[in-house]
Peer 1: 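Have a look at this one.
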Amino acid sequence: MIGRTIGPYKVSELIGRGGMGEVFRGVDTNLGREVALKVLPPDLAKDPDRLARFEREARVLASLQHQNIAAIYGLEKVDDQPVLAMELALGEDLSTRLLAGPLPINEIEKITRQLAKGMEFAHEQGIVHRDLKPANVKVAGDGRVKILDFGLARAFSGDSSGDSASGSSFN
């Protein structure tokens, strides 16, 4: 994937792996900004449930525009693989920070306030994250917090199925 171009995004390096695929750093060649590109591997892209979950994550992120939630820029497709183009959240994930030992109380307060604001906003939009953990929280060098990975998110209001992804599938 490194060196490939997906839509306007040029892939530069692998930055993470998870249950839903790989995340790469890239550059939006139109706007000159760095992005994160989450790629659903071919074997998972053939699984209707995994594909629906990936597409649901894109729709959920598109509905959540908040300073403490990593933004989505687009949904692309390359060789039948869906790709989410997202804000590149810089810094360490909270799990890495916690491995270094206890955080000072003022830092805990700053982080938890931002987490609460982001989650409150999501809940106001009818979205429950369902996978909030230190590995899904990035803390930038200046202390700004970004909540990541809404792949397990569900709608909780006005949707008896619990699935926030009704409507057409990704083309």
Peer 1: Once rounded to the nearest 0.5 Å, what's the spacing between atom CG of Asn136 and atom CD1 of Ile147?
Peer 2: 10.0 Å

Peer 1: Roughly how far apart are Asp49 CG and Leu44 CG, rounded to 0.5 Å?
Peer 2: 11.0 Å

Peer 1: Decide yes or no for Val60 and Ile72: does some side-chain heavy atom of the first lie under 4.5 Å from some side-chain heavy atom of the second?
Peer 2: no

Peer 1: Between Lys38 and Asp149, is any pair of side-chain heavy atoms under 4.5 Å apart?
Peer 2: yes

Peer 1: Side chains of Leu64 and His66: does their closest heavy-atom pair fall under 4.5 Å?
Peer 2: no

Peer 1: Are side-chain heavy atoms of Phe54 and Arg50 found at a separation under 4.5 Å?
Peer 2: no

Peer 1: Consider only side-chain heavy atoms of I, L, V, M, F, W and Y, link residues closer than 4.5 Å, and tell whether Leu88 and Leu61 are in one cluster.
Peer 2: no

Peer 1: Is it the case that the side chain of His129 and the backbone of Leu148 share a donor-acceptor pair, with hydrogens and angles ignored and the cut-off at 3.5 Å?
Peer 2: yes

Peer 1: With heavy-atom distances below 4.5 Å as the criterion, would you say the side chains of Val78 and Thr5 are in contact?
Peer 2: no

Peer 1: With sequence neighbours excluded, what pairs up with Pro104 under the side chain to side chain contact (heavy atoms under 4.5 Å, CB included) test?
Peer 2: Asn106, Glu107

Peer 1: Under the ring-ring contact (aromatic ring centres under 6.0 Å, His included) test, which residues partner Tyr9, sequence neighbours left out?
Peer 2: none

Peer 1: Can you name the closest pair of heavy atoms from Leu51 and Pro82 and give their distance?
Peer 2: CD1-CG, 3.6 Å

Peer 1: Give me the atom names and distance for the closest heavy-atom approach of Pro41 to Gly21.
Peer 2: CD-CA, 3.5 Å

Peer 1: Do Pro42 and Asp79 come close enough that some side-chain heavy atom pair is under 4.5 Å?
Peer 2: no

Peer 1: Taking Arg113 first and then Glu109, would you say they form a salt bridge - that is, a charged N and a carboxylate O separated by under 4.0 Å?
Peer 2: yes

Peer 1: Under 4.5 Å between side-chain heavy atoms, hopping through other hydrophobics if needed: is there a path connecting Phe24 to Tyr73?
Peer 2: yes

Peer 1: Give, for atom CG of Leu90 and atom CZ of Arg144, the distance between the pair rounded to the nearest 0.5 Å.
Peer 2: 8.0 Å

Peer 1: Hey, any chance Val39 and Val27 share a hydrophobic cluster, counting ILVMFWY side chains that come within less than 4.5 Å of each other, even indirectly?
Peer 2: no

Peer 1: With no hydrogens and no angle check, is any side-chain donor or acceptor of Lys110 less than 3.5 Å from a backbone partner on Ile105?
Peer 2: no

Peer 1: Are any of the side-chain heavy atoms of Gln114 and Lys117 separated by less than 4.5 Å?
Peer 2: no

Peer 1: Got a second to check how far Phe150's CZ is from Ile69's CD1, nearest 0.5 Å?
Peer 2: 4.5 Å

Peer 1: What's the spacing between Lys146 NZ and Lys138 NZ if we round to 0.5 Å?
Peer 2: 12.5 Å

Peer 1: Just how far is it from atom CG of Leu84 to atom CG of Leu75, taken to the nearest 0.5 Å?
Peer 2: 5.5 Å

Peer 1: Is the shortest side-chain heavy-atom distance between Met1 and Glu22 below 4.5 Å?
Peer 2: no

Peer 1: Search all heavy atoms of Pro8 against all heavy atoms of Glu76 and return the closest pair with its distance.
Peer 2: CD-OE2, 4.0 Å

Peer 1: Under the side chain to side chain contact (heavy atoms under 4.5 Å, CB included) rule, collect the residues that match up with Thr112, sequence neighbours excluded.
Peer 2: Ile108

Peer 1: For Asp80, check salt bridge (charged side-chain N to carboxylate O under 4.0 Å, His left out) against everything at least two apart and list the hits.
Peer 2: none

Peer 1: Between Gln65 and Ala62, what is the shortest heavy-atom contact and its length?
Peer 2: NE2-O, 3.8 Å

Peer 1: Under a 3.5 Å distance rule, please check whether Asp28 uses its side chain to pair with a backbone N or O of Arg33 as donor and acceptor.
Peer 2: no

Peer 1: Go through the steps to decide whether Asn68 and Leu115 satisfy the test side-chain contact (heavy atoms from CB on, under 4.5 Å), and finish with yes or no.
Peer 2: CA-CA 7 Å; Asn68 297 115; Leu115 281 173; over 6 Å; no

Peer 1: Starting from Leu40, can I reach Leu152 by hopping between I/L/V/M/F/W/Y residues whose side chains sit under 4.5 Å apart?
Peer 2: no

Peer 1: Pairs in or reaching into residues 123-133: which pass salt bridge (charged side-chain N to carboxylate O under 4.0 Å, His left out), with residues at least two apart or in two chains?
Peer 2: Asp131-Lys133

Peer 1: Checking Glu120 now: which residues fulfil salt bridge (charged side-chain N to carboxylate O under 4.0 Å, His left out) with it, not counting sequence neighbours?
Peer 2: none

Peer 1: State plainly whether one hydrophobic cluster holds both Ile2 and Val83, where clusters connect Ile, Leu, Val, Met, Phe, Trp and Tyr through side-chain heavy atoms under 4.5 angstrom apart.
Peer 2: yes

Peer 1: Counting N and O atoms only, with roles assigned by atom type, does the side chain of Lys10 sit under 3.5 Å from a partner on the main chain of Gly3, one being a donor and the other an acceptor?
Peer 2: yes

